[in-house]
Amino acid sequence: MKQTDKDIEISTMLVDWYKENQRDLPWRQTTDPYKIWISEIILQQTRVVQGLDYYYRFIDRFPTVDALAAASEEEVLKYWQGLGYYSRARNLHASAQYIMLHCGGIFPSSYETILSLKGIGEYTAAAIASFAWNMPYPVVDGNVYRVFSRLFALDTPIDTGKGKKEFYELANMLINPSNASMHNQAVMDFGALVCTPQAPYCISCPFQHKCLAFAGGNVLDYPVKQHKTKSRNRYFNYFHIEWNDRTFLSRRDKSDIWKGLYEFPLIETGQSVNFTELSSLPDFKAIFGFQTPLDIMLVLNEKKHVLSHQVIYANFYKVRISNKDSALDKFIEINSSELDNYAISRLTHIYFDKLAEDRKSTRLN
Ligand code: SF4
């Protein structure tokens with residue numbers, strides 16, 4: 001379909017708005033596809049403000065595809081630590097190695113090849129192709145769904161095949177082929193800064209007189225979703241065991257959350273349990289053998305940690321033992337001072353923050 005005058009007008013207005021209001025972000029100042037790729041994957045899991053620090057640290061350590069490919073997976077995960085969705089870090093690493101091996105170390109400039117890289121979907125491929133080479137591929141992310149569903153009062157559910165197709169066609173129609181990079185960035189920034197999810201700034205919005213959802217007074221009804229995401233509760237009980245200056249870890253290797261990360265010995269229960277219930281479980285004996293922990297303290301109690309499809313309720317116990325039972329042999333024994341070298345989940349980070357906070361307040365008192 002051919003672009004209409006109205007489509008051109010919308011794209012022009014978006015780009016004009018962007019020129020005045022764009023966010024000053026490091027990945028917007030570059031056409032290096034590698035840096036754009038890294039920024040896009042980081043931003044899939046965190047907000048821009050938090051993502052900036054990760055981006056700088058990541059690019060500082062792995063400034064090129066080559067550097068990323070040459071690193072160990074362990075180190076890449078360490079730099080990803082706290083961002084969650086660790087499979088994305090593993091995919092970055094695998095794709096960097098693929099580029100070194102099959103693309104002569106040069107980031108591919110064809111949309112199809114970019115799309116074929118591990119962990120790159122249509123959205124990321126369109127972002128890289130348009131930001132780096134101004135190719136006319138529309139990005140269709142949460143911002144795009146929100147802005148366009150409201151502007152056009154489009155109520156096809158965005159989590160259906162039909163919805164995805166309709167929004168893609170609309171975005172494709174609206175994109176300005178000669179200024180694809182700026183058009184795509186404009187929609188994303190406009191969605192993030194003006195047409196926000198819960199409290200859009202309709203009063204000062206340049207599209208107010210064109211926006212059908214605003215005219216209908218039901219802006220917050222868009223975008224429409226067919227299914228609400230179901231989430232399951234999980235109950236984790238962690239043991240930070242101290243034996244002299246040693247502690248114990250294991251590596252998550254099942255296809256589950258946090259694959260590849262390290263964690264303290266864990267007992268997952270089907271429901272919330274107190275320590276008496278926990279210590280009577282066979283799993284408890286499997287960690288501590290027949291010795292009773294001499295000194296045990298509950299540092300974090302039912303800490304709620306929300307992931308995309310699950311909610312973790314975590315207890316963190318700090319345990320001091322004076323003798324090591326052979327039951328602990330199945331764990332990785334390390335010096336406590338080396339804990340920093342291991343990639344851990346954001347949840348375990350929160351535990352360490354709490355420990356540091358407790359130590360500080362003990363000192364102050
Ligand atoms: Fe979004 Fe409100 Fe502007 Fe419509 S008027 S595009 S809902 S900010």
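We count residues from 1, following the sequence as given. Quick note: numbers below take in every heavy atom, side chains included, and nothing from hydrogens, waters or symmetry partners. One-based numbering, in listed order, for ligands and for the atoms of each.
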Ignoring hydrogens and angles, tell me if any N or O in the side chain of R88 forms a donor-acceptor pair with the backbone of I41 under 3.5 Å.
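No, the answer is negative, given that no donor and acceptor are paired below the 3.5 Å cut-off.
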Mark yes or no for whether K303, through its side chain, and Y313, through its backbone, hold a donor-acceptor pair below 3.5 Å.
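Pair absent, no side-chain N/O of K303 close to backbone of Y313.
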Short N-O contact, K324 and D329, less than 4.0 angstrom:
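Salt bridge present between K324 and D329.
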Report the relative orientation of the aromatic rings in F284 and F275; use parallel for angles under 30°, tilted for 30 to 60°, perpendicular for over 60°.
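Geometry flag for F275 against F284: perpendicular rings.
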What's the verdict on side chain to side chain contact (heavy atoms under 4.5 Å, CB included) for I312 and K304, showing C-alpha distance, side-chain angles and the deciding distance?
CA-CA 6 Å; I312 314 279; K304 187 175 175 186; over 6 Å; no
Top protein contact for [atom], by heavy-atom distance:
atom	answer
atom 4 (Fe) of ligand 1	C211 SG, 2.4 Å
atom 1 (Fe) of ligand 1	C195 SG, 2.5 Å
atom 2 (Fe) of ligand 1	C202 SG, 2.4 Å

Out of all atoms in ligand 1, which are within 4.0 Å of some heavy atom of R150? Include the element for each.
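It comes down to these atoms of ligand 1: 7 (S).
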Show me which atoms of ligand 1 lie under 4.0 Å from any heavy atom of V219.
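Once the distances to V219 are compared, the set is 7 (S).
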Counting backbone and side chain alike, does C205 bring an N/O/S atom below 2.8 Å of atom 3 (Fe) of ligand 1?
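Yes, within the cut-off.
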